[in-house]
A.B. asks: 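One structure, as C-alpha cells, below. Some questions next.
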Amino acid sequence: MASATTAPETDPNKTVVEEVTGWLRLYSDGTVERLTPPGAEPFTSIVPPYTEPRNGVTVHDITTARGVDVRLYLPAEPPAATPRRRRRPLILHLHGGGFCLSRPSWALYHNFYAPLVAKLDVAGIVSVFLPLAPEHRLPAAIDAGHAALLWLRDVACGEDANNGAHHLDPAVERLCDQADFSRVFLIGDSSGGNLVHLVAAHAAAKDGAGADLHLVRLAGGVLLNPGFAQEEKSRSELENPASLFLMEEMVDKLLALGVPLGMNKDSPYTSPLMAAEAVVRLHMPPMLLMVAEKDLLHDPQVEYGEVMTRVGKTVETVVSRAAVAHVFYLNFFAVESDPLTAERTRELIDTIKTFVDRY
C-alpha cells in the first residue's frame with residue numbers, strides 16, 4: 001500500500017491509503033475518489049443517450065430489475081415500408097478500467113461502440129454498467145455480467161424486467177424483434193476482456209448445473225487487449241512504453257484493488273495460467289484474442305491464448321503489429337489523426353466482424 005498522506009483539508013481525519021496517480025484515491029474510511037488526469041477529459045466526458053438517430057444509431061439507457069443498468073446501441077429503425085430483415089447477432093459489452101474505473105457512457109467507449117453497430121451489422125450492442133472496485137470487488141462485476149445475460153433471456157422471452165411481463169420498453173422491443181439470441185457475443189476491453197472469459201466461465205458452470213440461459217446462447221467472446229497480469233512482471237511490462245490508458249502503476253494497483261481481499265494478481269481473475277486452469281472442465285465458447293504489439297500486457301495476453309489452447313479451448317490470437325499500445329482503438333483522436341492507428345483499428349474491426357460472421 002502507498003504511504004498515508006493527509007486528505008483534503010475539508011476532512012483532516014481522512015488519510016489516503018492508496019492512490020493511482022491521476023485516476024483514483026482510496027481513503028482510510030473506505031470512501032473512493034475517482035479523478036480525471038490531465039489530457040483524459042475528452043475521453044471521460046459523458047455522452048447522454050439519444051433517441052434521434054446520429055450516424056444511423058440511437059442510444060438508450062435501461063434500468064433492469066436484474067440489478068444492472070445497461071446502455072443499448074441500436075441501429076436506427078428502417079422506414080415502415082422496408083421489408084423485415086433477418087435476425088442478427090447481439091453483442092454484450094463489458095467495459096475496462098482495471099475493475100475500478102470508467103463507465104459505458106464515457107466518450108471513450110461511445111465513439112468506438114456506437115459506429116461498431118453498423119460496421120458489424122448486428123442487432124445492437126448492450127453495454128453493462130459494471131459495479132466498480134474497491135467498493136465492489138470481484139466477483140461483483142462477473143455477477144453483473146451474468147445478470148445482464150439473464151436480462152437478455154427475459155427480453156428473448158418477451159418479458160421486460162422493468163415493466164412486467166409482455167410490456168416492453170420501445171428500445172427493448174426493437175432489440176427483441178431484431179436480435180438472434182442464439183448468437184450472443186461477449187466483448188470487452190482491457191479488464192473487460194478478463195470479464196469476457198470470467199462471465200463465459202460463470203455461464204458455462206451454471207449451464208452445467210442445469211441453470212441454463214434458455215433462448216440465449218453464447219456464440220463467442222472477443223477479448224480486446226485484456227488485462228491479464230501476474231505478480232512476476234513479464235518482459236513486455238518491463239520494456240514496452242506506458243500510455244495514458246495503461247501505466248505500470250495502474251497494472252499493479254488497480255488489479256490489486258479489483259480482486260477479492262486476500263488475493264493478488266496470481267489469481268484466476270488476472271493470471272492467464274490460472275484463468276485457463278479454472279475452465280479445463282467447462283464448455284467455453286470460441287474466443288477471439290486481440291493483442292497490441294506494444295501493449296504493456298502483450299506477453300500475458302499471448303500466454304492466455306497459448307494456455308487456453310493447451311487445455312483444449314478454441315482461441316484465435318491476432319496481434320496488431322507496429323507501434324500501437326493498449327486499447328489504441330479507443331483513442332479516437334489518434335484514430336482520426338494517425339494513419340497507422342486508423343489502419344490498425346480498421347483491421348481490428350474487420351477481424352471482429354469475420355469472427356462474428358463465422359459463428
Side-chain angles (χ1 to χ4, degrees), residues 73 75 86-96 109 112-128 145 148-149 152 178-201 203-204 213 216-228 272 275-276 279 282-293 295 297-298 301-321 324 326-330 335 342-359:
Y73 298 95
R86 60 177 173 80
R87 288 183 175 269
R88 289 168 288 167
L90 178 61
I91 308 293
L92 182 68
H93 171 240
L94 304 164
H95 66 76
Y109 299 113
F112 181 75
Y113 283 98
L116 194 65
V117 171
K119 292 173 181 177
L120 297 185
D121 190 25
V122 293
I125 296 176
V126 180
S127 188
V128 185
L149 288 173
L152 291 180
Q178 297 173 10
D180 179 353
F181 291 94
S182 71
R183 295 180 66 203
V184 174
F185 292 82
L186 302 176
I187 190 169
D189 327 272
S190 191
S191 60
N194 302 45
L195 290 171
V196 167
H197 171 93
L198 295 164
V199 171
L213 294 168
V216 172
R217 181 181 72 91
L218 286 183
V222 181
L223 296 80
L224 301 178
N225 305 172
F228 291 113
V279 300
L282 297 178
H283 179 68
M284 296 285 284
M287 299 289 189
L288 171 64
L289 170 65
M290 298 299 299
V291 178
E293 189 170 51
D295 195 331
L297 300 180
H298 169 280
Q301 291 166 6
V302 171
E303 182 183 356
Y304 169 82
E306 293 171 347
V307 293
M308 284 287 283
T309 300
R310 284 205 300 270
V311 299
K313 310 307 176 188
T314 301
V315 178
E316 176 186 357
T317 301
V318 178
V319 179
S320 300
R321 301 292 180 185
V324 287
H326 192 69
V327 297
F328 64 91
Y329 56 92
L330 295 180
V335 172
E343 178 61 23
R344 293 296 174 266
T345 300
R346 285 191 294 270
E347 293 170 355
L348 178 140
I349 292 170
D350 289 345
T351 303
I352 297 171
K353 179 167 175 51
T354 299
F355 178 80
V356 170
D357 289 347
R358 184 187 310 146
Y359 295 101

A.B. asks: Just by modelled atom types, is the Ser182 backbone N or O under 3.5 Å from a matching donor or acceptor in the Arg217 side chain?
C.D. replies: yes

A.B. asks: Not counting sequence neighbours, which residues clear salt bridge (charged side-chain N to carboxylate O under 4.0 Å, His left out) with Lys119? List them please.
C.D. replies: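 Expected list: none.
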
A.B. asks: What residues, two or more places apart in sequence or in another chain, satisfy ring-ring contact (aromatic ring centres under 6.0 Å, His included) together with His197?
C.D. replies: Tyr304

A.B. asks: The criterion is ring-ring contact (aromatic ring centres under 6.0 Å, His included); which residues satisfy it with Phe112, sequence neighbours excluded?
C.D. replies: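 Scan of Phe112 (ring-ring contact (aromatic ring centres under 6.0 Å, His included), adjacent residues dropped) gives Tyr329.
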
A.B. asks: Of all the heavy-atom pairs spanning Leu186 and Val196, show the shortest one and how long it is.
C.D. replies: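 Looking at all heavy atoms of both residues, the shortest contact is CD1-O, 3.5 Å.
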
A.B. asks: Just jot down the salt bridge (charged side-chain N to carboxylate O under 4.0 Å, His left out) partners of Asp350, sequence neighbours excluded, or say none.
C.D. replies: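 Salt bridge (charged side-chain N to carboxylate O under 4.0 Å, His left out) list for Asp350, sorted by chain: empty.
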
A.B. asks: With sequence neighbours excluded, what pairs up with Arg358 under the salt bridge (charged side-chain N to carboxylate O under 4.0 Å, His left out) test?
C.D. replies: Glu316

A.B. asks: Would you call the rings of Phe185 and Phe355 parallel, tilted or perpendicular, where under 30° means parallel and over 60° means perpendicular?
C.D. replies: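 Phe185 vs Phe355 ring planes: perpendicular.
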
A.B. asks: Who passes side-chain contact (heavy atoms from CB on, under 4.5 Å) against Val307, sequence neighbours left out?
C.D. replies: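 With neighbours one apart ignored, the set is Leu273, Ala276, Glu303, Arg310.
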
A.B. asks: Could you measure the distance from the CD atom of Gln301 to the NE2 atom of His298? Nearest 0.5 Å is fine.
C.D. replies: 7.5 Å

A.B. asks: From Leu120 CG over to Ile349 CD1, what is the distance, rounded to the nearest 0.5 angstrom?
C.D. replies: 7.5 Å

A.B. asks: Any luck finding a side-chain donor-acceptor pair between His326 and Ser190 under 3.5 Å?
C.D. replies: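 The criterion, which ignores hydrogens and geometry beyond distance, is satisfied for Ser190 and His326.
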
A.B. asks: Using side-chain heavy atoms (C-beta onward) and a distance below 4.5 Å, is Ile187 in contact with Tyr113?
C.D. replies: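 The answer is yes; the side chains approach within 4.5 Å.
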
A.B. asks: For Asn225, check side-chain hydrogen bond (donor to acceptor under 3.5 Å, both in side chains) against everything at least two apart and list the hits.
C.D. replies: none

A.B. asks: Examine distances only and state if a side-chain atom of Arg183 and a backbone atom of Val356 form a donor-acceptor pair shorter than 3.5 Å.
C.D. replies: yes

A.B. asks: With sequence neighbours left out, write down each residue that passes ring-ring contact (aromatic ring centres under 6.0 Å, His included) with Tyr73, or none if nothing qualifies.
C.D. replies: none

A.B. asks: Which atoms form the tightest heavy-atom contact between Phe328 and Val335, and what is the distance?
C.D. replies: O-CG2, 4.1 Å

A.B. asks: Would you find a donor on one side and an acceptor on the other, under 3.5 Å apart, between the side chain of Lys353 and the backbone of Asp121?
C.D. replies: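 A pair under 3.5 Å: no.
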
A.B. asks: To check you understand the geometry: which heavy-atom pair defines the closest contact between Gly145 and Leu92, and what is its length?
C.D. replies: O-CD2, 4.1 Å

A.B. asks: How would you list, by chain and number, every residue that makes a salt bridge (charged side-chain N to carboxylate O under 4.0 Å, His left out) with Glu306, sequence neighbours excluded?
C.D. replies: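 Result, salt bridge (charged side-chain N to carboxylate O under 4.0 Å, His left out) vs Glu306: none returned.
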
A.B. asks: Do Phe228 and Leu297 have side-chain heavy atoms sitting under 4.5 Å apart?
C.D. replies: no

A.B. asks: Looking only at heavy atoms, which two atoms of Gly227 and Asn194 are closest? And how far apart?
C.D. replies: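 Looking at all heavy atoms of both residues, the closest pair is N-OD1, 2.6 Å.
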
A.B. asks: Measuring only between side-chain heavy atoms, which start at C-beta, is Ile91 closer than 4.5 Å to Val222?
C.D. replies: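 When only atoms from C-beta onward are counted, Val222 and Ile91 do not touch, as no gap falls below 4.5 Å.
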
A.B. asks: Once you round to the nearest 0.5 Å, how far does CG of Leu218 lie from CG of Leu213?
C.D. replies: 6.5 Å

A.B. asks: Shortest non-hydrogen contact from His93 to Ile125?
C.D. replies: CB-CG2, 4.0 Å

A.B. asks: Under 3.5 Å, which donor-acceptor pairs link side chains of residues 286-293 to any protein atom two or more places apart or in another chain?
C.D. replies:
from	atom 1	to	atom 2	distance (Å)
Glu293	OE1	Ala322	N	2.6
Glu293	OE2	Arg321	NH1	3.4

A.B. asks: Under the rule for side-chain contact (heavy atoms from CB on, under 4.5 Å), what residues qualify as partners of Ser191, not counting sequence neighbours?
C.D. replies: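 Only Phe99 meet the side-chain contact (heavy atoms from CB on, under 4.5 Å) criterion with Ser191.
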
A.B. asks: Between Leu223 and Gly193, which heavy-atom pair has the shortest distance, and what is it?
C.D. replies: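 Here Leu223 and Gly193 meet closest at CD2-O, 3.3 Å.
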
A.B. asks: I'd like to check the side-chain contact (heavy atoms from CB on, under 4.5 Å) partners of Pro75; sequence neighbours left out, ordered by chain and number.
C.D. replies: Arg88, Val117, Gln178

